[in-house]
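To start, the structure itself, in structure tokens.
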Amino acid sequence: MSESRTWDDVDDYFTTHLAPNDEVLEAALRDSEAAGLPDVAVTPSQGKFLHLLAQIQGARTILEIGTLGGYSTIWLARALPADGRLISLEYSAKHAEVATRNIARAGLDGLVQVRVGPALESLPKLADENPAPFDLVFIDADKSNNPHYLEWALRLTSAGSLIVVDNVVRQGRVADAHSTSPDVVGSRAAIELIGSHPRLTGTALQTVGSKGHDGFALARVLA
């Protein structure tokens, strides 16, 4: 059996027993595919991980950078209390339209607001609103801007908040110091910022599965 086939089989096994997709989540994926959105949403196991992380954190407010079709948004929003709030920033109006429909079908439109436009334009506007610090930030957008998103996440959180940066391994290319690929350069800069910033402590984990060889970084904001 090939290595990738083994990864797929293990993912399927974990999903079956630990994160079975319900109809709402399955419909979100189907509608995203039908609309031509890229197949880059988190896996069910990764979605469940985000959900549990938000629950463990006791999150009441969540910021998501990169909505896509709203699949991860639904996982995160389901962890919020009835008076919680999730703001998701999405560059593409088309993606945001699909996500908004998926979120409404999940019955979460009262908790979730999708804002359309480049995140580096939306984030200063959000900061101007002086929102309460976000308890959890999930960064899953264009990887070249990861360090900029991380800096904004720091401005919009407080001590004890968690920041998750997805897709930082880049099939192992993150370890290539000579790479000039924007996604690799951005991912390396984010990792190095987490490691050097006095207000952050964090780690990164490699993952394998149906999405191939990748991983995520997890950081906690310090006082």
Side-chain angles (χ1 to χ4, degrees), residues 19 24-25 28 32 40-91 95-96 98-142 145-146 148-168 190 194 199-202 216-222:
V24 168
L25 289 166
S32 296
V40 293
V42 300
T43 66
S45 293
Q46 291 165 345
K48 183 67 174 290
F49 172 80
L50 292 171
H51 177 83
L52 288 172
L53 197 61
Q55 286 185 322
I56 293 166
Q57 176 70 351
R60 304 182 66 84
T61 55
I62 297 174
L63 173 63
E64 179 181 51
I65 303 175
T67 317
L68 195 60
Y71 184 77
S72 58
T73 317
I74 293 170
W75 273 112
L76 286 165
R78 283 179 167 180
L80 288 171
D83 60 348
R85 183 188 189 205
L86 189 155
I87 294 177
S88 189
L89 309 180
E90 172 54 46
Y91 175 82
H95 295 180
V98 174
T100 299
R101 290 199 302 267
N102 288 333
I103 291 162
R105 180 171 48 220
L108 297 167
D109 46 328
L111 295 176
V112 178
Q113 181 185 64
V114 179
R115 300 189 180 188
V116 182
L120 291 180
E121 295 179 10
S122 300
L123 287 163
K125 295 175 183 177
L126 176 59
D128 286 342
E129 298 171 16
N130 195 30
F134 289 95
D135 301 312
L136 188 151
V137 179
F138 179 47
I139 300 173
D140 189 14
D142 55 311
N145 280 315
N146 273 348
H148 304 301
Y149 297 146
L150 188 56
E151 289 279 13
W152 275 107
L154 270 170
R155 299 186 199 186
L156 293 165
T157 53
S158 61
S161 297
L162 296 181
I163 302 171
V164 182
V165 186
D166 202 12
N167 307 127
V168 297
I194 291 171
R199 291 189 58 221
L200 288 173
T201 182
F216 62 91
L218 174 65
R220 186 170 187 266
V221 180
L222 304 174

- Atom CG of D166 and atom CG of L50: how far apart are they, to the nearest 0.5 Å? 7.5 Å

- Task: Report yes if the side chains of V137 and L156 come closer than 4.5 Å at any heavy-atom pair, otherwise no.
- Result: no

- Approximate separation, where rounding is to 0.5 Å, of L120 CG and W152 CH2: 8.5 Å

- Message: Testing the basics here: between G69 and N102, what is the closest heavy-atom pair and its distance to 0.1 Å?
- Response: O-ND2, 2.8 Å

- Query: Below 4.5 Å, heavy atoms only, C-beta onward: do S32 and L68 meet side chain to side chain?
  - Reply: no

- Message: Among residues at least two apart in sequence or on other chains, which ones pass salt bridge (charged side-chain N to carboxylate O under 4.0 Å, His left out) with R155?
- Response: none

- Using a cut-off of 6.0 Å, state whether more than 12 heavy atoms not belonging to F216 lie near its atom CZ. yes

- Message: Suppose we screen for side-chain hydrogen bond (donor to acceptor under 3.5 Å, both in side chains). Which residues come up paired with D135, at least two apart in sequence or across chains?
- Response: T61

- Note on the structure: To the nearest 0.5 Å, atom CD1 of I139 lies from atom CD1 of I163 at 6.0 Å

- Test side-chain contact (heavy atoms from CB on, under 4.5 Å) applied to T100 and D109, step by step: CA-CA 8 Å; T100 299; D109 46 328; over 6 Å; no

- Message: Can you list everything that forms a side-chain hydrogen bond (donor to acceptor under 3.5 Å, both in side chains) with D140? Sequence neighbours excluded, please.
- Response: K143

- Task: Of all the heavy-atom pairs spanning A106 and V24, show the shortest one and how long it is.
- Result: CB-CG1, 3.4 Å

- Item | Distance in Å, F138 CZ paired with I65 CD1, rounded so as to fall on 0.5 Å steps | 10.5 Å

- Task: Please name all residues satisfying side-chain hydrogen bond (donor to acceptor under 3.5 Å, both in side chains) with H148, sequence neighbours left out, ordered by chain then number.
- Result: none

- Message: Tell me the closest heavy-atom pair linking A96 and V114, and the distance in Å.
- Response: CB-CG1, 3.8 Å

- Note on the structure: One should read off an interatomic distance between E90 CD and S122 OG, to the nearest 0.5 angstrom, of 10.0 Å

- Query: Do the side chain of S161 and the main chain of F134 share a donor and acceptor less than 3.5 angstrom apart?
  - Reply: yes

- Message: For R115, give me all partners under salt bridge (charged side-chain N to carboxylate O under 4.0 Å, His left out), at least two apart in sequence or on another chain.
- Response: E129

Can I get a per-line list of side-chain donor-acceptor pairs under 3.5 Å for residues 70-89, giving both atom names and the distance, sequence neighbours left out?
residue	atom	partner	partner atom	Å
Y71	OH	N21	OD1	3.2
Y71	OH	W75	NE1	3.4
S72	OG	E64	OE2	2.6
T73	OG1	E64	OE1	2.6
R78	NH1	D22	OD2	2.7
R78	NH2	D22	OD2	3.2
D83	OD1	R60	NH2	2.6
D83	OD2	R60	NH2	2.4
S88	OG	E64	OE1	2.6
S88	OG	T67	OG1	2.6

- Straight-line distance of K48 NZ to L25 CG, nearest 0.5 Å: 11.0 Å

- Message: Can you give me the closest heavy-atom contact between R105 and A28, atom names plus distance?
- Response: NH2-N, 3.7 Å

